[in-house]
Structures are given as structure tokens and as C-alpha cells.
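Counting starts at 1 for both ligands and their atoms, in listed order.
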Amino acid sequence: MDNQAAIKKVRTKLKSAKSIAVLTGAGISADSGVPTFRGAEGLWKQYRAEELASPDAFARDPKLVWEWYSWRRELIATKVPNPAHEALVTMARQFPSFVLITQNVDGLHRKAGSEDIVEMHGNIWKVRCTKCSTMTDNHDLPIAYPPECTACGGMLRPHIVWFGESLDPQVMDQCMQALQSCDVLLVIGTSGVVHPAASFAMMAKGAGAYTVEINLDPTPSSGTMDTVINGKAKDVVPLLVS
Ligand code: OAD
């Protein structure tokens with residue numbers, strides 16, 4: 001099916017749908033200029049995300065991990081939402097039930113105006129104390145090192161779910177509910193290799209949803225999707241909104 005036919009088909013599916021779930025990944029923010037994790041600009045210095053975004057990496061070298069997050073924060077602070085983020089704000093108003101689940105920690109969905117976002121992996125603009133677990137908003141640019149908790153003086157860490165850590169059970173419940181009850185699931189700009197998000201499309205499909213992948217390139221999940229649209233999120237997503 002070519003893209004035009006695929007878009008027409010998805011629009012028809014959306015017309016009769018009451019409940020929509022959307023899962024987004026770094027690809028939706030790539031069109032705003034935020035580098036993806038596994039794309040050509042995915043490396044920071046010589047490190048992959050997996051080598052920095054973990055409790056072990058933080059225990060070994062907190063300064064290095066904070067340097068990476070400071071660099072990402074400074075970069076993200078200069079970026080604005082793109083037409084794909086904006087189209088999802090409009091789409092949310094058109095359905096009785098609409099749940100936006102994102103793996104992104106950049107806050108661009110919120111900046112675009114989306115509400116009730118399920119931020120699976122946390123948020124780069126939040127910090128948490130490694131001692132007393134107090135969580136606060138933090139927009140310091142650059143963030144002072146070592147960042148200290150105002151409540152207890154402990155070292156702060158990014159409020160982000162790292163490799164090897166579990167998702168907040170409440171967040172996981174919200175995801176499961178959305179996946180089990182949606183008529184259509186849109187999977188936008190994710191490589192589909194990081195769990196549990198990687199299995200969300202199969203879960204939704206198993207519960208009867210129509211699954212759509214929007215991605216620049218094919219992914220390991222493409223074969224299991226009902227429809228695949230290959231293109232930039234900023235070009236494709238607005239075409240799905242009436
Ligand atoms: P990845 O970097 O793994 O994948 C980005 C996906 O976006 C790829 O499949 C690209 O083909 C696609 N893509 C790139 N540009 C695009 C565009 N303009 N329009 C549409 N698609 C585009 O990012 P994620 O799948 O989000 O975890 O990665 C999952 C998690 O791994 C992240 O949340 C992060 C990372 O380590 C944490 O930070 C904890």
C-alpha cells in the first residue's frame with residue numbers, strides 16, 4: 001500500500017473510532033531538532049544512551065551522566081514543538097477517549113499544549129533526590145554540579161526511568177488500560193526496541209485495536225502493524241487529523 005492509500009485507510013478507521021491511544025518516541029521530536037537515541041546523531045561523545053542512562057553508570061560516574069543530561073537539557077531548551085506535536089493536540093479534542101503515551105522526556109508534548117500525558121520514562125525537567133526521593137521541577141541551565149536536594153542535601157538525579165529500572169506501576173496501569181480499550185493505536189517515531197513500549201502494539205492488537213506505525217523507516221515492529229506509513233512525523237501526523 002502506498003502512503004496516500006495508507007493515510008486514507010487510517011483516516012477512515014479514525015472516523016469510526018471512539019477511543020485512541022498514541023505512543024510516541026524520539027522520532028516525533030527529531031522534526032524539532034532533538035537528536036534521536038539510535039539515529040546518526042545518537043551518540044554523545046562516544047557514548048550510547050544505554051551506557052549513560054543506567055543506575056550503574058550514575059553510581060560509577062555521576063558527573064559524566066549529569067554532563068550528558070545538562071547537554072540534552074540545554075539543547076532541548078532551544079527547541080519548539082513541530083506540526084506532529086500540534087496535530088496530536090487537535091486530535092485529542094476529537095475523540096471521547098484519547099490517551100497520549102510518550103517515551104520522550106523532552107516535555108515537547110506539554111509545550112505544544114497536550115494534557116494528561118503519560119510520560120513513561122519521566123521528564124528531563126524534573127529531578128529526584130537519591131537519598132530522600134523528593135521530586136522537584138528544575139529548569140536550571142546549566143544545572144550546577146553536584147546538584148543538591150534542598151530538603152536533605154543529597155545528590156539529585158534526573159527523574160528519568162533508566163535502563164534496568166522499573167516503570168512506575170501507576171504509569172504502567174495507565175498504559176495497559178489505554179492499550180486494552182483503544183480502537184486505534186498510533187505508534188509514532190519509535191524504534192520499538194526498548195521494552196515495555198516495544199510490545200505495546202502487540203498488546204493493543206491482541207485486545208482488538210487497529211495498529212498504525214508512523215516512522216521514517218521500517219522497524220522490527222513494522223511486520224506486525226495493520227498499517228505502516230513511512231515518512232516524517234511532521235508531514236504524516238497532520239494528515240490524519242480532520
Ligand atoms: P530511538 O532513537 O530508538 O528511535 C527513533 C525512531 O524514530 C527510529 O525508528 C527512527 O526511524 C524514527 N524517526 C527518526 N526521525 C523521524 C521523523 N522525522 N519522523 C518519524 N520517525 C522518525 O528512540 P525511541 O524509540 O524513542 O530512553 O527510544 C526509546 C528509548 O530509548 C528512549 O525513551 C530513551 C532511549 O534510551 C530513556 O531515555 C530512558
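- Counting heavy atoms under 4.0 Å from ligand 1, residue W162 does not touch it at all.
- If you look at R38 next to ligand 1, the close heavy atoms, those under 4.0 Å, come from the backbone and the side chain alike.
- Within the cation-pi definition used here (under 6.0 Å to the ring centroid, within 45° of the axis), R157 qualifies as a partner of W162.
- In this structure, the separation between CG on L239 and CD1 on I214 is 9.5 Å, given to the nearest 0.5 Å.
- Contact annotation for T36 and ligand 1: heavy atoms of both the backbone and the side chain come within less than 4.0 Å of the ligand.
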Exercise. Carefully, step by step, assess R38 and E50 under the rule salt bridge (charged side-chain N to carboxylate O under 4.0 Å, His left out).
Key: CA-CA 10 Å; R38 292 169 188 81; E50 287 85 344; 3.0 Å; yes

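- Residue contacts with ligand 1 include V161, since one of its heavy atoms falls under 4.0 Å from the ligand.
- Across L216, T219, N215, heavy-atom proximity to atom 11 (O) of ligand 1 is greatest for N215.
- When heavy-atom distances to ligand 1 are checked against a 4.0 Å cut-off, A53 has no atom that comes that close, whether in backbone or side chain.
- For S191, heavy-atom contacts with ligand 1 shorter than 4.0 Å involve the backbone as well as the side chain.
- In summary, the atoms of ligand 1 found under 4.0 Å from a heavy atom of G231, numbered by their order in the structure, are 19 (N), 20 (C).
- Applying the ring-ring contact (aromatic ring centres under 6.0 Å, His included) test to H195 and every residue at least two apart in sequence or in another chain returns nothing.
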